[in-house]
Amino acid sequence: MIKAIRGMRDILPPETSRWQWVESVAREVFDLYGYQEIRLPLLERTELFARSIGEETDIVAKEMYTFPDRKGDSLTLRPEATASVLRAVLENRLEKGAGVKKFYTLGPMFRYERPQKGRFRQFWQINCEAYGVEAPELDVEVILLLMHILKRLLPGELRLLVNSLGCPACQMKFRAALGLFLINREGLCEDCQRRRTTNPLRVLDCKSANCQGILHNAPVIRDYLCPDCAAHFARVLELLNRFNVAYELKPRLVRGLDYYTRTAFEVAAVGLGAQDAVAGGGRYNGLAKALGGPDLPAIGFAIGEDRLLELLPQDFGQDLRPRIFVAALGEPARERAFTLVQELRRKDLAAEMDFEGRSLKAQMSMADRLGAAYAVIVGDKELEAGAAQVRPMRNFASPASAAANQEAVEGERPPVAQEKVRFEALVDYLTGKVRSEENL
RNA sequence: GUGGGCGUAGCUCAGUUGGCAGAGCACCGGGUUGUGGCCCCGGCGGUCGCGGGUUCAAGUCCCGUCGUUCACCCCA
């Protein structure tokens with residue numbers, strides 16, 4: 001048997017309905033904040049990611065699905081969406097004009113990593129990007145939007161972590177100071193000794209307790225922010241306070257992509273294991289220019305949809321149960337039932353029936369298992385009488401009442417209010433019943 | 001890329017010192033010549049991940065390999 005390749009999984013029903021639910025909520029909130037959807041190719045020129053994410057990052061250096069196409073051009077399955085969105089915006093001149101330009105997109109990303117809890121080689125992101133405005137109000141609006149989506153979906157506690165990474169000038173000063181600090185430190189773990197040269201910022205959020213101890217007196221980026229960056233960050237925090245958004249200042253928060261500037265944030269959740277970041281984002285004012293475009297302020301975030309789904313309660317999702325199950329006995333009745341099912345569906349009522357000529361008992365059992373609200377029974381007797389039996393199916397909701405019922409009637413079938421309804425009136429009768437119940 | 005755990009029925013898992021491959025759930029049928037939840041009876045269902053080796057005999061021991069899972073690393 002051929003199986004799915006490593007790190008790639010099938011998302012199956014009923015799980016898919018939970019995904020649809022999440023996506024519909026996200027779309028609603030995006031609408032509310034004035035964001036418009038943009039749909040993008042999954043493949044881009046390798047150069048796009050190398051230049052935007054950073055040659056030295058792990059993502060580019062060892063985690064991309066990169067291969068030559070038939071012509072020999074180097075292509076890459078997108079490892080993230082930001083670079084693609086910006087490319088599309090610049091290519092189509094969407095940044096032109098006054099005001100903030102707001103976009104969202106969602107879909108699969110690809111990274112060649114070792115799979116583990118909450119980490120897949122194909123994973124899904126819900127992505128938000130806003131361009132053209134430098135004001136800290138936009139930073140806050142984007143964070144509010146993110147928290148809005150998450151709070152509508154998740155009952156559990158979320159931690160919003162916030163930091164400022166400054167502008168390139170601040171970063172240069174800070175890197176120099178950090179490098180100086182690290183160069184004389186003894187006792188850093190093996191990884192950090194490597195990071196010291198490859199990616200010094202990463203040393204800051206090493207998980208080793210030992211390293212954290214050593215880093216206790218390390219320089220903090222906040223002390224290296226230029227007056228503009230400091231003012232921007234102060235304003236962001238002030239507004240978060242004003243809107244009662246709980247956050248934690250995390251001076252050591254750095255992000256894995258080189259393009260971030262100023263505001264950086266992350267949302268962590270409990271219950272996800274080691275991969276506890278549900279969403280992350282920040283400002284990336286320099287990226288458009290780095291890609292050969294204009295000077296374009298930008299900010300955005302990505303939600304890890306797979307991880308988000310992991311946190312959702314099991315009963316989240318749409319009700320996919322059919323309203324009506326039509327049980328038929330004998331060939332003429334099946335013929336009638338098939339017509340009835342189509343008529344119900346034309347009235348937008350979910351209806352099902354059996355095509356295999358199974359016993360009435362088996363069909364009733366199917367109706368129950370599918371969760372139908374009503375079973376319609378059609379047999380020779382009903383055809384002759386010109387009226388079908390309509391049986392409400394949800395009388396025995398709880399196992400307790402089922403047991404009580406069983407004892408009460410002692411061997412006899414529990415009394416169910418089963419009605420005879422003439423075929424001509426059946427569709428209207430059923431639509432009426434179901435609609436009135438749904439409005440309760 | 002590194003380290004540990006685990007691969008047996010559709011699912012969750014048992015399987016003793018190597019000796020006839022099991023249970024629960026699910027599914028199908030019957031208990032009711034035409035009525036769902038519970039209960040009772042019966043049935044279907046297996047390349048024991050794959051390849052090699054040791055042995056009279058391997059799900060069990062050995063080697064390899066693939067997958068999976070958790071952690072490191074990294075990130076959503």
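Below, chains carry the letters A, B, ... as their sequence lines are ordered, and counting in each starts from 1.
Atom NZ in A/Lys3 sits about 5 Å away from atom C1' in B/rG67, given to the nearest Å. Between the P atom of B/rA76 and the CG atom of A/Leu309 lies a distance of 18 Å, rounded to the nearest Å. What separates CG of A/Asp368 from C1' of B/rU35 is a distance of 11 Å, to the nearest Å. Between the CE atom of A/Met64 and the P atom of B/rC74 there is a distance of 18 Å, given to the nearest Å. In this entry the distance linking NZ of A/Lys117 with P of B/rU69 reads 10 Å, nearest Å. In this structure, A/Asp354 atom CG and B/rC28 atom P are separated by 10 Å, rounded to whole Å. The CE-C1' distance, from A/Met366 to B/rC27, rounds to 12 Å in whole Å. We find that NZ of A/Lys62 is positioned 12 Å from P of B/rU2, with the value rounded to whole Å.
Looking at residues two or more places apart in sequence or on another chain, you find a side-chain contact (heavy atoms from CB on, under 4.5 Å) between A/Gln20 and A/Gln318. Remark: A/Pro219 pairs with A/Phe174, A/Ala177, A/Leu178, A/Phe181, A/Tyr224 by the side-chain contact (heavy atoms from CB on, under 4.5 Å) rule, at least two apart or across chains. Partners of A/Tyr65 under the ring-ring contact (aromatic ring centres under 6.0 Å, His included) rule, at least two apart in sequence or in another chain, are A/Tyr112.
Using a 4.0 Å heavy-atom criterion, one finds that A/Gly281 contacts no nucleic acid atom at all. Using a 4.0 Å heavy-atom criterion, one finds that A/Glu382 contacts the bases of the nucleic acid, with or without backbone contacts as well. Here A/Gly7 lies in heavy-atom contact (under 4.0 Å) with sugar-phosphate atoms only. A/Glu266 comes within contact range of no nucleotide atom at all, as no heavy-atom separation falls under 4.0 Å. A/Lys361 comes within 4.0 angstrom of a base, heavy atoms only. Within 4.0 Å (heavy atoms only), A/Arg358 reaches sugar-phosphate atoms of the nucleic acid but no base atom. Residue A/Ala367 is classed as having no contact, given no heavy-atom separation below 4.0 Å to the nucleic acid.
Under 4.0 angstrom from either OP1 or OP2 of B/rA76 there lies no side-chain N or O belonging to A/Arg78. In terms of phosphate contacts, A/Gln116 brings no side-chain nitrogen or oxygen within less than 4.0 Å of OP1 or OP2 of B/rU69. Residue A/Arg369 places at least one side-chain N or O under 4.0 Å from the OP1 or OP2 atom of B/rC27.
For residues 365-389 of chain A, there are no ring-ring contact (aromatic ring centres under 6.0 Å, His included) pairs, not counting sequence neighbours. Among pairs with a residue in residues 324-336 of chain A, those fulfilling side chain to side chain donor-acceptor pair (under 3.5 Å) read A/Glu331-A/Arg334, at least two apart in sequence or across chains.
Rounded to whole Å, the separation between the P atoms of B/rC61 and B/rA71 comes to 28 Å. Comparing B/rG7 with B/rC13, their C1' atoms sit 12 Å apart, to the nearest whole Å. Comparing the P positions of B/rG22 and B/rG45 gives a spacing of 13 Å, expressed to the nearest Å.
Under the 3.5 Å distance criterion, with hydrogens and angles disregarded, no donor-acceptor pair is assigned to the side chains of A/Tyr247 and A/Arg159.
With hydrogens and angles left out, the side chain of A/Glu356 and the base of B/rC28 share no donor-acceptor pair within 3.5 Å. You'll find a donor-acceptor pair under 3.5 Å spanning the side chain of A/Gln418 and the base of B/rU35, going by distance alone. Taking 3.5 Å as the limit, the base of B/rC70 and the side chain of A/Arg114 contain no donor-acceptor pair of atoms between them.
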Give RNA chain B the dot-bracket treatment, 5' to 3': Watson-Crick (N1-N3 with N6-O4 or O6-N4) or G-U (N1-O2, O6-N3) under 3.5 Å, [ ] crossing, | other strand.
-> (((((((..((((.....[..)))).(((((.......))))).....(((((..]....))))))))))))....
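With the nearest nucleotide of RNA chain B identified for both A/Lys381 and A/Ala277, A/Lys381 has the one nearer the 5' end.
Annotation: A/Phe338 is in aromatic contact with A/Phe355 [ring centroid separation under 6.0 Å].
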Decide side-chain hydrogen bond (donor to acceptor under 3.5 Å, both in side chains) for A/Thr66 and A/Thr76; before the verdict, give the C-alpha distance in whole Å, the side-chain angles of both, and the deciding distance to 0.1 Å.
-> CA-CA 4 Å; A/Thr66 296; A/Thr76 293; 2.8 Å; yes
